[in-house]
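Reading through the structure tokens given below for one structure.
Values below: every heavy atom of this structure, side chains too, minus hydrogens, waters and symmetry copies. Chain A is the first sequence line, chain B the second, and so forth, proteins listed ahead of strands; every chain is numbered from 1.
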Amino acid sequence: MRFLLDAEQAEFGRTLDRMLAAAGTPGVVRAWAAGDHGPGRALWSRIAEAGVFALAVPEAYDGVGPLPVELAVAYVELGRHAVPGPVVETAAAATLLGELPSVAKEWLPRIASGEAVVSLRLDEADAFCGPYALDADAADAVITVSGDELRLAPGHGPLQASADPARRLFRPLDGGELLASGPAVREAAAQAADRAAFLTAAQSLGVGLELLHRTVEYTKQRMQFGTPIGSFQAVKHRLADTLLALEFARPLLFGAALSTAPADIAAAKVTAGEAAYTAARTALQLHGAIGYTEELDLSLWLRKARPLRDAWGTPGACRARVLDAQVPGLQHAP
Amino acid sequence: MRFLLDAEQAEFGRTLDRMLAAAGTPGVVRAWAAGDHGPGRALWSRIAEAGVFALAVPEAYDGVGPLPVELAVAYVELGRHAVPGPVVETAAAATLLGELPSVAKEWLPRIASGEAVVSLRLDEADAFCGPYALDADAADAVITVSGDELRLAPGHGPLQASADPARRLFRPLDGGELLASGPAVREAAAQAADRAAFLTAAQSLGVGLELLHRTVEYTKQRMQFGTPIGSFQAVKHRLADTLLALEFARPLLFGAALSTAPADIAAAKVTAGEAAYTAARTALQLHGAIGYTEELDLSLWLRKARPLRDAWGTPGACRARVLDAQVPGLQHAP
Amino acid sequence: MDLDESAEEQVFRAQARQWLRAHVPAEPPASLETEEGFAEHRAWEARLYADRWSVVSWPKEYGGRGVDLVKWLIFEEEYYAAGAPGRVSQNGISLLAPTLFDHGSREQQARILPPTASGEVIWAQAWSEPEAGSDLASLTSRAVRTDGGWLLSGQKTWSSRAAFADRAFGLFRSEPGTPKPHHGLTYVMFDLHAPGVTVRPIARLDGKPAFAELFLDDVFVPDEDVIGEPGEGWRIAMSTTGNERGLTLRSPGRFLAAADRLVRRWRATAGPSDTALRDRVADAVLGARAYHLFTCANASRFAAGESIGAESSLNKVFWSEYDIALHETALDLLGPEGEVSDGDWQEGYVFSLAGPIYAGTNEIQRDIIAERLLGLPKGRLPQDPGLTRAGRIPG
Amino acid sequence: MDLDESAEEQVFRAQARQWLRAHVPAEPPASLETEEGFAEHRAWEARLYADRWSVVSWPKEYGGRGVDLVKWLIFEEEYYAAGAPGRVSQNGISLLAPTLFDHGSREQQARILPPTASGEVIWAQAWSEPEAGSDLASLTSRAVRTDGGWLLSGQKTWSSRAAFADRAFGLFRSEPGTPKPHHGLTYVMFDLHAPGVTVRPIARLDGKPAFAELFLDDVFVPDEDVIGEPGEGWRIAMSTTGNERGLTLRSPGRFLAAADRLVRRWRATAGPSDTALRDRVADAVLGARAYHLFTCANASRFAAGESIGAESSLNKVFWSEYDIALHETALDLLGPEGEVSDGDWQEGYVFSLAGPIYAGTNEIQRDIIAERLLGLPKGRLPQDPGLTRAGRIPG
């Protein structure tokens, strides 16, 4: 047992962090939200070059994965830098299509290389899946699953604005080319939904960590009543609670990376999602009015926290799944 | 509209407060918990002399009631002074028996005068009623309702200790003299359960107010790190939250007194019950280890808060009832 | 003690309901944080005013009906139950007008109150400054004496409604270097279109320009637009925060209606067996009732000649946190659809998030509750009573 | 990164499980806060010790198995999953022994550790004093030099287990009037039955004498029962609070087992459609998992040669508030029956309520988290690092 990132994993995270910091993601996010996908696609290529999408793709299809621990490391960084685009959906699409050899060959190498941006709408009947394909207008393909049919959507409806304008929602049109069908589609879709929930948990944790970081820095320098507001005990305790929530979400995330069990993923999803939302509420309150403005970059993270909390598994759906799998007396077995 | 106690009502509360303060209730509570009912029965008589039980009894039976506002005033004071005994059950029994003329005549005048201490176990099938008759060993009568049969219990089982030792729990024995039967019993029992919930809410509010009061006083004088702990912002905010909870429970209590609608009673019950429990958690934490001891009088209130929260309507049962009655669009009608 | 409505009150309620039923637009106007919506809301204010429903508690001479607080509460209940539009004139009616009633001259009252009530003049607030958030006594924007009036200079921010409003009111430092920072401030009204005023709208989290920065460069204000004595602005601003009109910041009718809407949504989308959501919906219902009754109790206290002081901090913390919880519950009822920004509840949710921040942060309100209502020792806030009330300026 | 158990670890787990299955009493012993239960628990400690399961992580020479932290975690999981009794020897094993390992002489280790592990000597804590709760550096009980040892005088309180224990350990002021209050304290072990010691049991909320006051009147302690150098007691006491044995205050196995028990109860008494309770039960399950994994991460950090500092404050706040929430959920599952004091969950609930108070109140822990882990400005706590760690002394 060594429940600790090894040196290589930690360094991978730091490298990604440096690359994304240098890329100036806030400008990319604002462009993306305005419908200008150019800077986002350029960033996407660099993220692919750093090897992120290859982590979700098996070696047989030019990837190096699946490597859930490394994926968690990477998606925490994507969240920490508020990277826009269907990063979760593309990796989940790799999981989905990777189970279906007939279509894997066409799409997975392109996903690994960053050439293909893919969005996804899984079966709406699944409590963990929503009705939209995120950023469908920027995607090279929109994959849909209904029942046991997997299709390439023939297009999408109008933009449905999200509370986070960098999340551009579209309903895929019905029909389209049938890529695969049968029970294997259903099984693959369930795995893809789990993968999406897992990566969203990682992204949430990153969002929460960055919100906390920015808020701590702000409260150290913001003066009121002649003292930094970070010296007030009410401020301290609220920040301490936020750190607590995040630091106890982290082990659940990496525990889920190691087990890949649906219940463990659900536990990580609800905990990271709630922690990030807690961080957002804290960040807004402690920034005061300035935090309530779109122009402060903080808003790019603030607005992401709640949609991520509910995407790919609401807190209620996740909690139900945690207990579905809980067979008393068995969870301690080796 | 005058949603404010009138001078007479306010003075009634103050008079009762003075009388109970002079009676030294902590000693009475400790004796009661040890099974010595003497001091408690003496106090009971004085409470009856002050007119408290008469408030629950109609004039036809030597009472002055029912006067729900005055009852609320009185039971807040009983809670504030941690008065032991089946005070709620006796008043609820007056409601129950008052609807059944055949038995009212025998019992109600004795309840009003304080001569009769009555305990009560309503139908266990009702989500608002528990399996025990409180302080049955100290009662002159234990009334039970099952279905549409009202009986005088022939005795009770062994003492079942409560987390609050001043609440002595007993299961009434089955059978016993049949006092009344038929649908009227069922209806009267429902009214009695509402009355019990209402009075428990009042008692809870009093318990919470006293816990807050004692804790505020303690934090003003307890020194740590060279300063009263009440000067720490974390302590202040926790006490402020406790006051908030109590002060927004108070109008629901008096609103329920005026309307006597079951949903309004349920709203008061859950809110006062939760507020008192919040006050207990706050009181314990801010007193620190000394608050965790039985010997400090604070324990007499601390241990009462949670049982009262769950007696005569758990929070879940109350919330369900709040919504049962909520017909959208109608609650604003005059 | 009673909650009964008199026959007269029942008639008043029926009249209000009837008028609202006849006039509330079937389609809600566009958001009042947009230019188009602002104009629509302004027109609605004129409609209200024409039939004397804009400011029912004001004297008849200024367009009101001279009714008491109980009738005002009744009107507010009916107003929100009818789904009537938000009040774009709120700053003027709820924040400026009480000050004018208490401290304005007869001339000011006659000149300013009617157009304020009719929507002809929409007011923005100009309290905060970049370095003076909760610590309002540290204001630095200046009012310098000039012939027949004052010249205003400096920067104001978080000026709500200022993107589209006509005029603004706020405090300016007219006597620099007083020993106590809350002395030497003057309460001034000024035109947002006057020479020297630059308005830079600020977009809130949902992108709507709900407030603005104001840059003031020697903006001339005639003496007639100073309220009360120069240098006495702080006292004047504070004196009305605790009075009965301070209650109007969030009327209970608004929350009763919102809880009602939530129950409808819950019945439509969730099963009663989903007790996790049921409990939260129930809390919204009973919270609205608690707030309503709490306000009734305060109204009764006013009617009995009592006054409300630091208790208004209880009010502020309660409604602001209630409002967020209600909207979070609504969004959770919607599940993943909750993020859709033009959904039923998103704008209300974004609006609610500001509640614990403005009009005195809830942190400061809790300090006030602890120190003033519970008598705990003073903490880090400055000791001057005026200063610790800084948090109470609605903004 | 992995959570895999080695073959050796699997064997260890199987051995532990087998032993526990064979030896854990079918009927749980009486509460260890009663005289009868104390004796039964002491006998159980002897049973554990006889087969080397009392202190698996200790060296073999003192009755342990010399296993690492991972195996200790495995043992704790199996221990609580088997429903084995609470550890009456916890003070000695978890709080005194780490100090002896680090600062005791070989003679002390050989003399004291084995009877501590076997239950022959049960230890009480003697840290707190009536006026020194969170502010532990303000201790006033004295140790005065005498021939061959020290004379202890003063009063200690909240001395856990002292009602029935054999010996106690704590800090005493041996050099009065030092400029810094945490200097000049000496770490001493003493006999609770020695002349001059009066033990007054204190009943906790459920009436059980879970702790006591100690009155000390010239109690003689030989030099051999001083740990480390006289006057260095503070540093000695603090140095072990952050080490790996500091983790043992609440083992994850305990919460995994409690969550498991809660799920059983939930399946037996509530429908899965009662989502309000379901959500709270799920939170108990995932909270236990989070705490378990958090501890695994810390164990891995220790194994990798890192150390844990203020992070242990995260630990403390988490488990103490988790423990209460879990028990509140259990009581809510029982409804009105929850108040019955000999029910399954009441004793655990009362015990959990003390969690946020002892071993450093959670208020102080949050200050430490904010100041040490987040780097926020120092607040009201004294600036000396030793002093702000006062809260971390388990007591």
List, one per line, each side-chain donor-acceptor pair under 3.5 Å for residues 204-216 of chain D, sequence neighbours excluded.
residue: R204(D); atom: NE; partner: D206(D); partner atom: OD1; Å: 2.9
residue: R204(D); atom: NE; partner: D206(D); partner atom: OD2; Å: 3.4
residue: R204(D); atom: NH2; partner: D206(D); partner atom: OD2; Å: 3.2
residue: R204(D); atom: NH2; partner: E347(D); partner atom: OE2; Å: 3.1
residue: D206(D); atom: OD1; partner: K208(D); partner atom: N; Å: 3.2
residue: K208(D); atom: NZ; partner: E347(D); partner atom: OE1; Å: 3.0
residue: E213(D); atom: OE1; partner: R200(D); partner atom: NE; Å: 2.7
residue: E213(D); atom: OE1; partner: R200(D); partner atom: NH2; Å: 2.7
residue: E213(D); atom: OE2; partner: Q155(D); partner atom: NE2; Å: 2.8

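The closest donor-acceptor contact from the side chain of Y292(B) to the backbone of V350(D) lies under 3.5 Å.
Neither the backbone nor the side chain of R319(B) has a heavy atom closer than 4.5 Å to any heavy atom of chain D. In this structure, no portion of L277(D) lies under 4.5 Å from any heavy atom of chain B. The contact between I290(B) and chain D is made by backbone and side chain atoms together, counting heavy-atom distances below 4.5 Å.
Ranked by heavy-atom pairs under 4.5 Å with chain D, the list C129(B), P307(B), G130(B) is led by P307(B). Among the candidates V340(D), N362(D), I202(D), the residue making the largest number of heavy-atom pairs closer than 4.5 Å to chain B is V340(D).
When all heavy atoms of A289(B) and I357(D) are compared, the closest pair comes out as N-CG2, 3.5 Å.
Not counting sequence neighbours, D36(B) has no partner by the side chain to side chain donor-acceptor pair (under 3.5 Å) test.
I364(D) CD1 to F225(B) CZ: the interatomic distance, rounded to the nearest 0.5 Å, is 4.0 Å. Here the CZ atom belonging to R306(B) is positioned 9.0 Å from the CG atom belonging to L353(D), to the nearest 0.5 angstrom.
Within residues 277-287 of chain B, the residues having any heavy atom less than 4.5 Å from a heavy atom of chain D are, in residue-number order, Y277(B), R281(B), L284(B), Q285(B), L286(B). Contact residues of residues 159-170 of chain B toward chain D are Q160(B), A161(B), S162(B), A163(B), R167(B), L169(B) (heavy-atom distance under 4.5 Å).
Checked by atom type, the side-chain pair E339(D)/Y132(B) shows no donor-acceptor distance below 3.5 Å.
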Inset, instruction - Show your working on side chain to side chain contact (heavy atoms under 4.5 Å, CB included) between L334(D) and D310(B) and close with a plain yes or no. - result: CA-CA 10 Å; L334(D) 297 172; D310(B) 294 333; over 6 Å; no
Legend entry - Pair R309(B)-D332(D), side chain to side chain contact (heavy atoms under 4.5 Å, CB included): steps then yes or no: CA-CA 10 Å; R309(B) 165 185 174 273; D332(D) 279 343; 3.0 Å; yes
Inset, instruction - Verify salt bridge (charged side-chain N to carboxylate O under 4.0 Å, His left out) between K236(B) and E363(D), making sure each step is shown before the conclusion. - result: CA-CA 12 Å; K236(B) 284 184 185 178; E363(D) 287 79 6; over 6 Å; no
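Annotation: E217(B), atom CD; neighbour count of heavy atoms from other residues, nucleotides and ligands within 6.0 Å is above 12.
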